Every structure is written in structure tokens, then in C-alpha cells.
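Basis for what follows: all heavy atoms, side chains included, without hydrogens, waters or symmetry-related copies. Residue numbers start at 1 and run along the sequence shown. Quick caveat, the model's predicted, so the values are computed rather than measured.
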Amino acid sequence: MSAQTLAALRRDLAAAADPERAVSTRWYLQMGPGGYGDGDDALGIRVPEQRRIARRHWRHVSLDDVRELLDDGLHEERLTALLVLTHQFRAGDGERRRAVAELVLTSTDRINNWDLVDTIAPQVLGAWLADRDRTVLDRLAASESVWERRMAMVATLAFIRVHDHTWTLRLADTLLVDPHDLVRKAVGWMLREVGERDRAVEMEFLADRYRRMPRVTLRYAIEKFSPELRRSYLSGEI
């Protein structure tokens, strides 16, 4: 039954493939030589359609099926596999949720583009760690992998949503001057999310750091500030 389910899911993805859209997907996710998605390939399927396919099949897809999609799949196969995991995590009991979270942590080498990371990090990893030991995030933040570092940062969105900002600020300090643009953007994004809940907490964090932040991090962090306040930060006049 599992093999039939996996085959049916893949047939649905193949039927939704759009070769013309695949060209733009390869460009957008930098799948060409030297890009951060180098070595990947795309079918050209819109994300809403992948979400519909995941909803259609998630109840019948095994974790072994998910591993196969992550190990052998094209980009959309991996994203759909992660969408399946988010459904299974939300609906699962404690053991299922543990198994899903452990699969994510052992598959980080296949969660290898920003859209994949952003799909799974808060919905599964962050949600799993919400009331558990979070030190695995320190390990991910210290990784040589840009995707693991981004995963650590974006996972904290689950904590921010319940007004728990401690780990976001901790990891933002760790990754404040990260060399990769996609991590810098994630740091700024999470700081902005903190500020949406508690502007004073964000501004206190920025106070003695904003001048040494990468510009892109600062721009993301202050995106929701008033135009006048943004100009003050960008000019170093706070």
C-alpha cells in the first residue's frame, strides 16, 4: 500500500509539472552552477498545488516514503514531503511527533533551500522544541551548513508566536554577522517578528548592535518601523 501511495503522490506531482515554470523556478531558487541551489532541479509546480497534493495524501504516506522523497526527489518532491510532515506532526500523537521531528533533524542535508527550511523549521522543529531542551539549535547555528544555520534561526518563529523571545535573541547574537545573505535575512526577519509582538524588546536588542549589523539584517529588522525611525537607524542616529 505504501508503494502505491508514493506512486500516486508522484503521479499527481508529475501531472502538475509545468516545464516553462520550471525554468523560472530554477532561476528563482538559484539552481544553476554556483548558485546556492546548485545541483537541484525543479518540476515547475506552484506551491498551492503542492499543498493540495500534500493534503490529499498525507494520511497514507509513511515516514519511509517521506525519506525516499527527500533522498531521491526533485525540489517539489522534497517540498511536498515536508508539507506532508507538517500535517503528520500536527495530527500526530507524542510518538509520531517525535518521529517526525527526528526525521527532520536527520535530513537537514536534504532540506537544502530557503523555502524548504522555512516550511519545516517553525512548523515542526520549533513546535517540537517549544517545551523541550533547545540546545540542538545551538548546534545547528554553529554548523558550516547555511541551511542548518537558517533552520536554527527560523525555528524560533514558533517561540515568538507565544511571546517567547529568549532564543530568538540568543541566536540572533550568535548569527549577527553571519557571512551568508540568507542567514542575515533570517536574523532580520525574526527580529522583525519579535518587534511585531514587543517593539521595546526589539529596540533594546538593536540599541548596541544595529551599527555593526549587516545592512540587509537591519533593513529586515526595521521594516515595520515608521519611515522616520527607519531613516534614523539607517543613518546611525539613534
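- Take Ser145 and apply the side chain to side chain contact (heavy atoms under 4.5 Å, CB included) test, not counting sequence neighbours, and it matches Ser143, Trp147, Glu148.
- Nearest heavy-atom pair, Leu175 versus Arg149, reported as atom, atom and distance to 0.1 Å: CD1-O, 3.8 Å.
- With respect to His57, the side-chain hydrogen bond (donor to acceptor under 3.5 Å, both in side chains) criterion is satisfied by exactly one of Asp12, Thr5, Thr80: Asp12.
- Considering only residues two or more places apart in sequence or on other chains, Arg212 meets the side chain to side chain contact (heavy atoms under 4.5 Å, CB included) condition with Leu176, Arg209.
- When ring centroids are compared, Trp58 and Phe89 stay outside the 6.0 Å threshold.
- Ring geometry for Trp114 against Tyr28 counts as perpendicular: the plane angle is over 60°, on a 0 to 90° scale with 30° as the lower cut.
- The CG atom of Leu79 sits 12.0 Å away from atom CG of Leu74, with the distance rounded to the nearest 0.5 Å.
- Atom CD1 in Ile120 sits 12.5 Å away from atom OG1 in Thr108 (nearest 0.5 Å).
- Listed by chain and number, the residues in a side chain to side chain donor-acceptor pair (under 3.5 Å) with Arg90 are Gln123 (sequence neighbours excluded).
- Arg197 places no side-chain N or O within donor-acceptor distance of the main-chain N or O of His163, the cut-off being under 3.5 Å.
- Taking every heavy atom of both residues into account, Gly126 and Ala158 meet most closely at C-CB, 3.5 Å.
- Rounding to the nearest 0.5 angstrom, the gap separating the CD atom in Gln30 from the CG atom in Asp38 is 10.0 Å.
- To the nearest 0.5 angstrom, Leu116 atom CG is 8.0 Å from Leu29 atom CG.
- To the nearest 0.5 Å, atoms CG (Leu82) and CD (Gln50) are separated by 10.0 Å.
- Side chain to side chain, Asn113 and His75 fail the donor-acceptor criterion of an N or O pair below 3.5 Å.
- Ion pairing between Arg97 and Asp93 fails under the 4.0 Å rule for side-chain N and carboxylate O.
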Next item on the list: Applying side-chain contact (heavy atoms from CB on, under 4.5 Å), run through Leu6 and Leu69 and close with a yes or a no.
Entry: CA-CA 9 Å; Leu6 181 58; Leu69 288 168; 3.7 Å; yes
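- Glu49 pairs with exactly one of Arg52, Arg46, Arg51 by the side-chain hydrogen bond (donor to acceptor under 3.5 Å, both in side chains) rule, that one being Arg52.
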Notebook entry, point to check: Should Leu206 and Ile222 be marked as a side-chain contact (heavy atoms from CB on, under 4.5 Å) after you check the CA-CA gap, both sets of side-chain angles, and the distance that decides it?
Noted result: CA-CA 10 Å; Leu206 292 175; Ile222 64 175; 4.0 Å; yes
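- Checking side-chain atoms of Thr119 against main-chain N and O of Asp115 turns up a donor-acceptor pair under 3.5 Å.
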Next item on the list: Carefully, step by step, assess Arg184 and Asp181 under the rule salt bridge (Lys or Arg N to Asp or Glu O under 4.0 Å).
Entry: CA-CA 5 Å; Arg184 294 178 174 188; Asp181 188 61; 5.8 Å; no
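- Residues that satisfy the side chain to side chain contact (heavy atoms under 4.5 Å, CB included) test with Asp138, not counting sequence neighbours, are Thr135, Trp167, Arg170, Leu171.
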Next item on the list: Show your reasoning for whether side-chain contact (heavy atoms from CB on, under 4.5 Å) applies to Trp189 and Glu223.
Entry: CA-CA 9 Å; Trp189 170 23; Glu223 184 178 5; over 6 Å; no
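- Here the closest heavy-atom approach between residue Ile45 and residue Arg21 is recorded as C-NE, 4.1 Å.
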Check: Would Ile238 and Met203 satisfy side-chain contact (heavy atoms from CB on, under 4.5 Å), going step by step from the backbone distance to the final call?
Finding: CA-CA 10 Å; Ile238 294 294; Met203 291 182 70; 5.8 Å; no
Margin query: salt bridge (Lys or Arg N to Asp or Glu O under 4.0 Å), that's the test. Do Asp40 and Arg78 meet it? Break it down for me.
Written below: CA-CA 11 Å; Asp40 205 353; Arg78 294 201 301 286; 2.6 Å; yes
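- With hydrogens and angles disregarded, a donor-acceptor distance shorter than 3.5 Å links the side chain of Ser232 to the backbone of Glu228.
- Not a single side chain to side chain donor-acceptor pair (under 3.5 Å) links Glu202 to another residue, sequence neighbours left out.
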Next item on the list: List the steps and the verdict of salt bridge (Lys or Arg N to Asp or Glu O under 4.0 Å) for Arg10 and Glu68.
Entry: CA-CA 11 Å; Arg10 281 180 157 151; Glu68 183 170 339; 3.1 Å; yes
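- The two residues Gln88 and Val61 come nearest to each other via the heavy atoms NE2-O, 2.7 Å.
- In terms of heavy-atom proximity, Arg110 sits nearest to Leu70 at NE-O, 2.7 Å.
- Remark: Glu20 CD is loosely packed, at most 12 non-hydrogen atoms of other residues, nucleotides or ligands lying under 6.0 Å away.
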Check: Please walk me through it: do Glu196 and Arg192 pass salt bridge (Lys or Arg N to Asp or Glu O under 4.0 Å)?
Finding: CA-CA 6 Å; Glu196 285 289 279; Arg192 183 182 72 216; over 6 Å; no
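- Every residue two or more places apart in sequence or in another chain that forms a side chain to side chain contact (heavy atoms under 4.5 Å, CB included) with Glu237 is listed here: Ser235.
- Taking all atoms of both residues into account, the shortest heavy-atom contact from Arg161 to Pro122 is NH1-CB, 4.3 Å.
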